[in-house]
2 protein chains.
Amino acid sequence: MSVPTKKKPQVTAAPERRRELLDTAAEVFAEQGYNATTVRKIADHAGMLAGSLYYHFDSKESMLEEILRTFLDELWDGYDAVLGDELGPRETLEALVTESFREIDRHRAAVAIYQKESKQLAPQERFAFLAESQRKFEKAWLSTLERGVAAKVFRADLDIRLTYRFVRDTVWVAASWYRPGGQHSPEEIARQYLSMVLDGIAVRE
Amino acid sequence: MSVPTKKKPQVTAAPERRRELLDTAAEVFAEQGYNATTVRKIADHAGMLAGSLYYHFDSKESMLEEILRTFLDELWDGYDAVLGDELGPRETLEALVTESFREIDRHRAAVAIYQKESKQLAPQERFAFLAESQRKFEKAWLSTLERGVAAKVFRADLDIRLTYRFVRDTVWVAASWYRPGGQHSPEEIARQYLSMVLDGIAVRE
DNA sequence: GTTCTTCCCTAACAATCGTTTGGTAGATTA
DNA sequence: TAATCTACCAAACGATTGTTAGGGAAGAAC
């Protein structure tokens with residue numbers, strides 16, 4: 001048996017303070033960008049000194065990783081539930097979009113970080129789960145769109161990959177301006193977005 | 001008369017090398033993010049040492065400023081031309097979207113930088129032109145949408161500010177995946193985007 | 001009442017950052 | 001040919017970065 005060297009909590013025990021600090025960090029990361037955020041700024045917002053953060057976490061990068069992992073885990077809980085319902089293509093799309101806006105509502109900071117940083121992070125081995133999630137995401141959306149085209153509920157004359165990016169982007173960029181507790185609920189925003197994506201903004205003749 | 005102290009070119013004379021270096025810097029800024037980009041990395045890509053950049057520019061920030069200013073100046077040349085044509089609301093929207101994709105094609109790196117960094121930069125006095133451009137941009141789009149609603153060519157049942165953000169975002173996020181010289185021309189992408197935004201992706205009954 | 005654990009502070013560390021200073025090879029001008 | 005100018009290099013600067021080591025106060029456990 002080697003020497004235990006048990007000294008820091010890191011992942012074990014009392015997750016409340018840890019969660020608090022991660023929420024604070026996520027807020028600062030989202031507002032200032034990951035690279036522009038110093039650990040001293042995070043510590044300031046948390047009311048402690050920079051070094052004290054290292055009692056809870058072993059690096060700035062591990063905070064970022066845990067923030068993104070937590071978000072993606074919960075996101076896929078919701079997505080998998082929707083996809084498991086085996087709805088029709090249009091209903092699946094509606095449910096996915098609505099679920100997405102609920103996630104933006106719950107994890108606004110994490111979503112903003114994900115959007116800004118994931119492209120640079122994904123190539124790193126440590127953040128391989130980002131790329132994996134992206135593939136799963138693309139697969140779920142593309143197959144839904146393809147099912148819709150086959151069932152003649154979605155237009156067949158559109159480039160399907162372009163359509164995918166279109167729908168994906170229109171949903172997630174909302175995180176850049178959305179503020180929880182505003183005048184629109186996530187469901188209300190989802191309804192309006194869906195109305196635009198599905199039927200367009202032009203008046204029908 | 002005070003001593004001239006004329007030593008560096010900075011803005012005057014031979015703009016070719018300067019433009020070359022700015023293009024290189026923009027590429028690195030876009031790929032790695034402004035804060036994550038060191039002047040040494042820029043210099044590496046340009047085949048020189050970090051200090052040598054300061055013969056051409058007086059700071060890293062001034063490179064960023066010039067990149068964004070140049071982009072926005074050319075963007076507004078295009079936009080003002082469109083808005084000056086006094087087209088109908090639908091035609092104005094179509095022309096603005098098409099013009100936007102052309103700008104993405106020409107200034108891909110600058111657009112990507114603008115999207116990632118403008119939110120953090122705009123509050124700074126030095127980058128006040130970003131906020132000003134944003135206001136002009138919003139005004140142009142909102143008035144076009146309002147004209148369209150009044151003329152009954154755009155739907156009246158949608159929140160107009162939500163619609164504005166929707167259209168704006170759908171266009172500009174394309175810069176994050178668009179690659180010049182790909183299989184789609186800017187005009188082709190604009191056509192498909194307009195088709196989705198105007199008519200939706202659902203099949204009409 | 002001692003010991004242990006939890007959670008933070010104080011103080012520093014090596015590395016890296018943007019930037020400056022002084023110099024110089026080569027072309028251009030006089 | 002001498003003088004000047006252009007465009008860079010070599011080497012360092014102070015500041016800031018993420019991170020670590022050692023310590024200490026306060027409560028919990030025994």
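Naming convention: chains lettered A, B, ... in sequence-line order (proteins, then strands); numbering from 1 in each chain. Every heavy atom of this structure was used, including side-chain atoms; hydrogens, water molecules and symmetry mates were not.
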Rounded distance in Å - [atom1] ([X]) to [atom2] ([N]):
X	N	atom1	atom2	value
B:Glu20	D:dC8	CD	C1'	14 Å
B:Leu49	C:dT19	CG	P	16 Å
A:Lys41	D:dT17	NZ	P	7 Å
B:Leu53	C:dT19	CG	C1'	11 Å
A:Gln32	D:dT17	CD	C1'	15 Å
B:Phe57	D:dA7	CZ	P	12 Å
B:Asp44	C:dC17	CG	P	11 Å
B:Asp58	C:dT21	CG	C1'	16 Å

Output yes when at least one side-chain N/O atom of [X] is less than 4.0 Å from OP1 or OP2 of [N], else no.
X	N	result
B:Tyr54	C:dT20	no
A:Arg17	C:dT6	no
A:Tyr55	C:dC8	no
B:His56	D:dC8	yes
A:Ser52	C:dC7	no

Checklist entry - B:Tyr79 and B:Phe137: ring pair (Phe, Tyr, Trp, His ring centres under 6.0 Å), yes or no, with the steps? => result CA-CA 9 Å; B:Tyr79 271 22; B:Phe137 195 83; 5.6 Å; yes
Mind listing the side-chain donor-acceptor pairs of residues 116-124 of chain A below 3.5 Å, one per line with the distance, residues two or more places apart or on another chain?
| residue | atom | partner | partner atom | Å |
| --- | --- | --- | --- | --- |
| A:Lys116 | NZ | A:Ala30 | O | 3.1 |
| A:Glu117 | OE2 | A:Tyr34 | N | 3.1 |
| A:Ser118 | OG | A:Tyr114 | O | 2.9 |
| A:Lys119 | NZ | B:Ser176 | O | 2.5 |

Item to check | Pairing annotation in dot-bracket form, given for DNA chain C with Watson-Crick or G-U pairs under 3.5 Å and | for cross-strand partners | outcome: ||||||||||||.||||.||||||||||||
Atom pairs and distances, side-chain donor-acceptor, residues 190-202 of chain B, under 3.5 Å, sequence neighbours left out:
| residue | atom | partner | partner atom | Å |
| --- | --- | --- | --- | --- |
| B:Arg191 | NH2 | B:Glu188 | OE1 | 3.0 |
| B:Gln192 | OE1 | A:Asp159 | N | 3.1 |
| B:Gln192 | NE2 | B:Glu188 | OE2 | 3.3 |
| B:Ser195 | OG | A:Arg155 | NH1 | 3.1 |
| B:Ser195 | OG | A:Arg155 | NH2 | 2.6 |
| B:Asp199 | OD1 | B:Arg204 | NH2 | 3.3 |

Checklist entry - Heavy atoms under 4.0 Å, any strand shown: does A:Thr38 hit a base, just sugar-phosphate, or nothing? => result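 Result for A:Thr38 = sugar-phosphate.
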Next on the checklist: For a quick check of understanding: with a heavy-atom distance under 4.0 Å over all strands, which category does A:Ser62 fall into, base, sugar-phosphate or nothing?
Outcome noted: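 Contact class for A:Ser62: none.
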Item to check | Flag if over 12 foreign heavy atoms under 6.0 Å of CZ, B:Arg19 | outcome: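 Check fails, neighbour count at 12 or below.
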Item to check | Closest-nucleotide ordering on DNA chain C, the 5'-leading residue of B:Tyr34 and A:Arg40 | outcome: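 Nearest-nucleotide comparison on DNA chain C picks A:Arg40.
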Checklist entry - Quick one: does A:Gln32's side chain get under 4.5 Å of A:Lys41's, heavy atoms only? => result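 Touching, per the 4.5 Å side-chain cut-off.
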Checklist entry - Taking the six-membered ring of A:Trp177, is the NZ or CZ of B:Arg165 close enough (under 6.0 Å from the centre) and on axis enough (within 45°)? => result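 Yes, a cation-pi geometry.
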Checklist entry - Just checking, B:Arg69 and B:Phe129: is the charged tip under 6.0 Å from the six-membered ring centre and within 45° of the axis? => result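 Yes, B:Arg69 and B:Phe129 form such a contact.
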Next on the checklist: Among C:dC9, D:dT19, D:dC9, which nucleotide has an atom closest to any side-chain atom of A:Met48?
Outcome noted: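 Per side-chain heavy atoms of A:Met48, the pick is C:dC9.
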